[in-house]
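Heads up, the thing below is written out as C-alpha cells.
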Amino acid sequence: MIGRLNHVAIAVPDLKAAAALYGGTLGAKVSAPIAQPKHGVTVIFVELPNTKIELLHPLGDESPIAGFLARNPSGGIHHVCYEVDDILAARDRLKASGARVLGDGEPKIGAHDKPVLFLHPKDFLGTLIELEQA
Ligand SMILES: C[C@@H](C(=O)O)C(=O)SCCNC(=O)CCNC(=O)[C@H](O)C(C)(C)COP(=O)(O)OP(=O)(O)OC[C@H]1O[C@@H](n2cnc3c(N)ncnc32)[C@H](O)[C@@H]1OP(=O)(O)O
Ligand SMILES: [Co+2]
C-alpha cells in the first residue's frame with residue numbers, strides 16, 4: 001500500500017540555523033521558510049536527488065510539534081512521509097486494522113498541496129507517519 005518516501009521531517013529549535021546547516025555545511029538546496037498555519041508549523045524544504053527533508057519549526061500557540069521540541073530541545077527526527085495512491089482507501093484500511101488516525105480523520109491539504117493524514121506513533125514502532133496522496 002505505501003509507496004515512495006516523500007520526506008523525512010526534522011523538528012528544529014532554530015530554523016535559520018538549520019537552513020544554514022543544510023544549505024551551507026551540508027551543501028544542499030534549501031527553500032525559503034514557508035508558513036503552514038493550518039498545520040502549526042513553518043517549514044523549509046531541503047531538496048535531495050531522491051527525496052526531501054522537511055525542517056519544521058512551531059508556528060502559533062497550538063503547534064503539534066511543541067511538545068516534541070520541549071522533549072527534544074536540540075531537535076530530532078519528527079516523522080516520515082509515505083505516498084499512497086488513494087489516501088481515503090488507505091485511511092479506511094488502517095482504521096479497520098486498529099491504527100489511530102490523528103485529528104478528525106479527514107485529510108488536510110499538506111505542504112505540497114496534496115491531502116495528508118497522520119498516524120499515531122505508538123501504533124507504528126514509535127514513529128509518527130504522515131501519508132500523502134501521490
Ligand atoms: C506541513 C505538513 C506536511 O508535510 O505536509 C507536516 O508535516 S505538518 C507536521 C506537524 N503536524 C503533525 O505532527 C500532526 C500530527 N501530530 C500530532 O497530532 C501530535 O504531534 C501527536 C503525534 C499526537 C503528538 O502530540 P504530543 O507530543 O503533544 O502528544 P503526547 O505528549 O500526548 O505524546 C504521546 C506520546 O507520543 C510520543 N510522540 C509524540 N510525538 C512523537 C513523534 N513525532 N515521534 C514519536 N513519538 C512521538 C510522545 O513522546 C508520547 O510518548 P510517551 O507517552 O511514551 O511519553
Ligand atoms: Co510532513
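Note that ligands are numbered from 1 as they come in the structure, with each ligand's atoms numbered from 1 the same way. Computation of the quantities below employed the complete heavy-atom set of this structure, encompassing side-chain atoms and omitting hydrogens, waters and symmetry-equivalent molecules. Bear in mind the structure is a predicted one, so any value in this text is a computation, not a measurement.
- Scanning the protein for heavy atoms near atom 15 (C) of ligand 1, the closest one is Phe118 CG, 3.6 Å.
- You'll find the side chain of Leu128 stays beyond 4.5 Å of the side chain of Leu119, heavy atoms only.
- Contact atoms of ligand 1 toward Ile65: 10 (C) (distance under 4.0 Å to a heavy atom of the residue).
- Near Gly110, meaning under 4.0 Å from any of its heavy atoms, are these atoms of ligand 1: 5 (O).
- Only the side chain of His79 comes within 4.0 Å of ligand 1, judged by heavy-atom distances.
- With a 4.5 Å cut-off on side-chain heavy atoms, Phe68 and Ile77 do not count as touching.
- Distance check for atom 32 (O) of ligand 1: every protein heavy atom is found at 4.0 Å or beyond.
- Protein heavy atom closest to atom 21 (C) of ligand 1, with residue, atom name and distance, is Leu102 CD1, 4.5 Å.
- Between Ile65 and His78 there is a side-chain heavy-atom pair separated by less than 4.5 Å.
- The ligand atoms of ligand 1 that sit less than 4.0 angstrom from a heavy atom of Phe68 are 41 (C), 42 (C), 43 (N).
- None of the N, O or S atoms belonging to Glu132 lies under 2.8 Å away from the Co ion (ligand 2).
- Ile109 is listed as a side-chain neighbour of Pro115, based on a closest heavy-atom distance under 4.5 Å.
- Between the CG atom in Leu131 and the CD atom in Glu83 there is a gap of 10.5 Å [rounded to 0.5 Å].
- Among the atoms of His78, none of the N, O or S atoms falls under 2.8 Å from the Co ion (ligand 2).
- For the atom pair CG (Leu117) and CD (Glu130), the distance works out to 9.0 Å, reported to the nearest 0.5 Å.
- The nearest protein atom to atom 3 (C) of ligand 1, hydrogens excluded, is given as Glu130 OE2, 3.0 Å; this is a heavy-atom distance.
- Rounded to the nearest 0.5 angstrom, Gln133 CD and Asn6 CG are separated by 12.0 Å.
- If you check which protein heavy atom lies closest to atom 45 (C) of ligand 1, you get Gly126 O, 3.1 Å.
- Distances from atom 40 (N) of ligand 1 to the protein include at least one heavy-atom value under 4.0 Å.
- To the nearest 0.5 angstrom, Leu69 atom CG is 8.0 Å from Ser63 atom OG.
- Of the protein's non-hydrogen atoms, the one nearest atom 55 (O) of ligand 1 is Lys122 NZ, 4.8 Å.
- Selection from His112, His120, His78, Lys108 by nearest heavy atom to atom 13 (O) of ligand 1 gives His78.
- Every heavy atom of Ala9 sits 4.0 Å or more from the atoms of ligand 1.
- How far NE2 of His120 is from CG of Leu102: 6.0 Å, rounded to the nearest 0.5 Å.
- Residues Tyr82 and Leu5 meet the side-chain proximity criterion, which asks for heavy atoms closer than 4.5 Å.
- The residue among Ala111, Gly40, Ser63, Pro64 with a heavy atom at the shortest distance from atom 25 (O) of ligand 1 is Pro64.
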Chi angles and distances behind the side chain to side chain donor-acceptor pair (under 3.5 Å) call for Glu132, His7: CA-CA 10 Å; Glu132 182 177 297; His7 61 268; 4.7 Å; no
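- Residues Phe124 and Ile10 are members of one and the same hydrophobic cluster, defined by side-chain heavy-atom contacts under 4.5 angstrom among Ile, Leu, Val, Met, Phe, Trp and Tyr.
- Because the distance cut-off is set at 2.8 Å, Cys81 fails to qualify as a neighbour of the Co ion (ligand 2), as none of its N, O or S atoms comes that close.
- Using a 4.0 angstrom heavy-atom cutoff, His7 counts as in contact with ligand 1.
- Asn72 contributes no side-chain N or O that, together with a main-chain N or O of Gly75, makes up a donor-acceptor pair within less than 3.5 Å.
- Given atom 47 (C) of ligand 1, the protein heavy atom at minimum distance is Pro121 CG, 3.6 Å.
- The nearest pair of heavy atoms linking Ala19 to Leu55 is N-CD1, 4.3 Å.
- Restricting His79 to its N/O/S atoms, the shortest distance to the Co ion (ligand 2) is reached by NE2.
- Scanning the protein for heavy atoms near atom 26 (P) of ligand 1, the closest one is Arg71 NH2, 4.2 Å.
- The single protein non-hydrogen atom nearest to atom 4 (O) of ligand 1 is Glu54 OE2, 2.6 Å, given as residue, atom name and distance.
- Angle OE1 (Glu130) to the Co ion (ligand 2) to OE1 (Glu54): 180°, rounded to 10°.
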